[in-house]
Amino acid sequence: MATGRDEGLDVKIGLEVHVQLTALKTKLFCGCSANYRGMPPNTLTCPICLGHPGTLPVLNRKAVEHAMMVALALNSSISRQMIFFRKNYFYVDLPKNFQISQYDKAGGVPLSTGGWVEFAVNGEKKKVRIRRIQLEEDPARLTYPGTITTSSYTLVDFNRAGVALLEIVTEPDMETPEEAYFFLQKLRSIVEHLGVSSENMQGSMRCDANISIKGGARVEIKNISSFRDVRRALQYEIIRQKQLLRRGGAAKQETRHWDEDRQITVSLRVKETESDYRYFPEPDLVPVKISEEWISEVASKMPELPDDRRERFTSDYGIPEYDATVLTSNKKIADFFEECCKLYPNPKKVANWIMSDLLRNINETGIDVAEMSITAEQFIDLLKMIDEELISGKIAKRVLREAIRTGRSPRKVVEDEGLLKISDEKMIAKIVDEVFHEFEGAVADAKRDRKAVNFLVGQVMRKTRGRADPEITNKVILSKLEEK
Amino acid sequence: MITKEVVEHVAWLARIKLSEEEKEKFARQLSKILEYFNMISNVDTSNVEPTFHVVELHNVFRDDEEKESLPQEVVLKSARESEDGFVKAPRIL
Ligand SMILES: [Zn+2]
């Protein structure tokens, strides 16, 4: 199971990722604010994004530039002339009954084609090819009073309608759900480093997946809203299709819906096929010519990307490549690491604590990195408390877990729970006396048996909840045994 | 040739209801239109740049600057039903 691959199953996974260009102030084709989160419904719309007759969309130049940055970062070749297409279908989230999108067939030219993303999966390098990247508008946001399965009607908020969206389509190059997960993590880190999309915004990155097993039919899974669920949905789908094969059947080509509540995929009756979308060139928008100069201008403004940052981390901070890869897989963590290094002289120690304790606790508590409240100052304060021997390393781990879980600062956790290390010899001696009194048998044994000494040390630790300095405790116990 | 079944499918995509006579009529008419397109397809265009737009314009942009949006009550006026500021729509899944 080292590779996580199902040998002989020939699993092929492709992803279709939608990335909202959240750094833009306005929508793709109108001046309505794109900052719809937390706004009352239907307060950020205009005749253009509501698709009223007689209105004309006008393209947001910055949206094209942000899209170009993503294309460049993914090694995708930018089209010299791109055009927009109408994708026609009726759905309540679509005010115009068509979505302005792009198309790579019927003469359509998307923003860019080709490219690749390289990332690490459990220390192994993996490369996934990009098929195309296109610019399109986000549909409206739908909510269902009660739950999605029981609600009898739909509520529509058009604030999101028309927000700039990138669709990134990969080739079916992934072989395990883990690879899909790490691909998405790398992609997110790239768009965050570019500053075009922010992670701490719910729904800013959404994903559809397609999967085939043993050369069988391609099954599409829609409606996956988190990376964790991409992994789960794919794992579920592999098991489902394996069972079908075992029973002598085969997966049929279909679209399935990821049911987040039940954590399963369910068949979705989709009557439309691609030709039913009746794609045709958007007559209300003129072609966009992208010159070599424009591309170089955008390229010259590109910020540092995760791969460059990883290299810099190994050279500037002297940390191993593996550490640098983990730290740069998330922009917030990479920023956090650098801030910590400004406050603390030992980058390797900072890296270790971030990777083994901070990230592990964040994963375990199910908190998103974006929601992490601990600051670099607080984190370094914790490391300094260990250095100053105010707390033990073991206690520090506990403190950090508690700090992450409750949002309190580590120092506050130490104070609130009285976790300062006890190094006062007199105080320890008092506790040792108590222990000696309680475990007379062990004291008698301890004169001959080293194991019984350890038992007594353990009892002191138990009484002090791990706060007693182990060395002093040991010393005090041994000298008291001598006196006996 | 456009069959009656194709007309029915296209009508469903457009969410319109057609009578039996209309289906027959549209099948005939659409077939004729397609025949005409086939004629155009026969023209050799191998040396012609595709036309994406009838006007010779490109790169019409706007800056990323915010404009005022419509007030909610105005927007909701064009909805048949609304609830708590949302447009109310039938449930489709
Ligand atoms: Zn608008």
Side-chain angles (χ1 to χ4, degrees), chain A residues 24-26 29-35 40-47 49-50 52 58-64 81 83 88-93 97 107 109 140 142-145 148-149 151-159 257 268 271-272 276-278 281 283 285-290, chain B residues 2-3 5-17 30 33-34 37 40-41 45-93:
Chain A
L24 298 173
K25 287 208 280 276
T26 67
F29 298 116
C30 67
C32 288
S33 169
N35 193 6
N42 298 306
T43 52
L44 303 173
T45 65
C46 72
C49 57
L50 288 175
H52 288 187
V58 187
L59 182 57
N60 185 336
R61 180 201 304 268
K62 213 171 196 176
V64 179
Q81 170 168 271
I83 50 172
N88 299 278
Y89 63 97
F90 286 91
Y91 200 65
V92 286
D93 63 2
N97 293 334
V109 190
L142 304 180
T143 46
Y144 304 89
I148 187 161
T149 39
S151 167
S152 57
Y153 55 95
T154 311
L155 293 178
V156 192
D157 173 12
F158 288 101
N159 286 352
H257 172 97
L268 201 63
K271 290 181 204 151
E272 269 112 342
D276 291 336
Y277 289 126
R278 293 152 293 156
L285 287 162
V286 296
V288 179
K289 291 196 175 176
I290 303 175
Chain B
I2 298 285
T3 62
E5 286 70 38
V6 174
V7 173
E8 278 169 353
H9 182 65
V10 175
W12 174 78
L13 288 174
R15 307 293 192 268
I16 53 173
K17 210 179 209 163
L30 288 171
I33 292 168
L34 280 194
F37 274 106
I40 300 175
S41 298
T45 55
S46 51
N47 291 317
V48 182
E49 279 277 304
T51 304
F52 292 120
H53 209 275
V54 287
V55 290
E56 277 293 306
L57 264 179
H58 58 266
N59 295 20
V60 177
F61 295 122
R62 59 180 185 85
D63 290 330
D64 187 28
E65 272 162 23
E66 226 177 289
K67 291 232 172 71
E68 209 175 316
S69 295
L70 294 170
Q72 190 193 57
E73 58 275 19
V74 173
V75 174
L76 294 181
K77 262 186 202 156
S78 31
R80 196 175 297 167
E81 277 185 74
S82 65
E83 185 177 297
D84 301 328
F86 291 93
V87 172
K88 209 169 159 183
R91 182 194 141 84
I92 305 163
L93 193 78

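Within every chain, numbering begins at 1; the chains are lettered A, B, ... in the order of the sequence lines, protein sequences first and strands thereafter.
Of the charged side-chain nitrogens involved, at least one lies within less than 4.0 Å of a carboxylate oxygen, so that B/Lys88 and B/Glu83 count as a salt-bridged pair.
Note: A/Thr45 leads A/Thr43, A/Asp157, A/Thr45 in heavy-atom pairs under 4.5 Å with chain B. Options B/Ala79, B/Ala14, B/Ser78, B/Ser82 differ in how many heavy-atom pairs under 4.5 Å they form with chain A, and the most are formed by B/Ala14. Ranking A/Pro281, A/Gly31, A/Cys30 against chain B, the residue ahead of the rest is A/Gly31, based on heavy-atom pairs under 4.5 Å. Between chain B and the residues A/Ser33, A/Cys46, A/Ala34, A/Ala140, the most heavy-atom pairs under 4.5 angstrom are made by A/Ser33. Interface remark: of the candidates B/Arg62, B/Glu81, B/Lys67, B/Gln72, B/Arg62 forms the most heavy-atom pairs closer than 4.5 Å to chain A.
Using a 4.5 Å cut-off between heavy atoms, A/Ser152 touches chain B through its backbone atoms (N, CA, C, O) alone. For a residue to count as touching a neighbouring chain, one of its non-hydrogen atoms must lie under 4.5 Å from one of that chain's; by this rule A/Leu50 touches chain B with the side chain only. Contacts of A/Phe29 with chain B are made by backbone atoms alone, with heavy-atom separations under 4.5 Å and no side-chain atom involved. Of the atoms belonging to B/Glu65, it is backbone heavy atoms, and not side-chain ones, that fall under 4.5 Å from chain A. For chain B, the nearby part of A/Leu285 is the backbone; its heavy atoms alone come within less than 4.5 Å.
The two residues B/Asp64 and A/Lys25 come nearest to each other via the heavy atoms OD2-N, 2.8 Å.
Among residues two or more places apart in sequence or in another chain, the side-chain contact (heavy atoms from CB on, under 4.5 Å) test is passed with A/Pro287 by A/Gln81, A/Ile83, B/Phe52, B/His53. Annotation: side-chain contact (heavy atoms from CB on, under 4.5 Å) contacts of B/Glu73 (sequence neighbours excluded): B/Pro71.
At least one side-chain heavy atom of A/Tyr144 sits less than 4.5 Å from a side-chain heavy atom of A/Thr154. Between A/Leu142 and A/Leu155 the shortest side-chain heavy-atom distance does not fall below 4.5 Å. Within the 4.5 Å cutoff, no side-chain heavy atoms of A/Phe158 are placed close to those of B/Val75.
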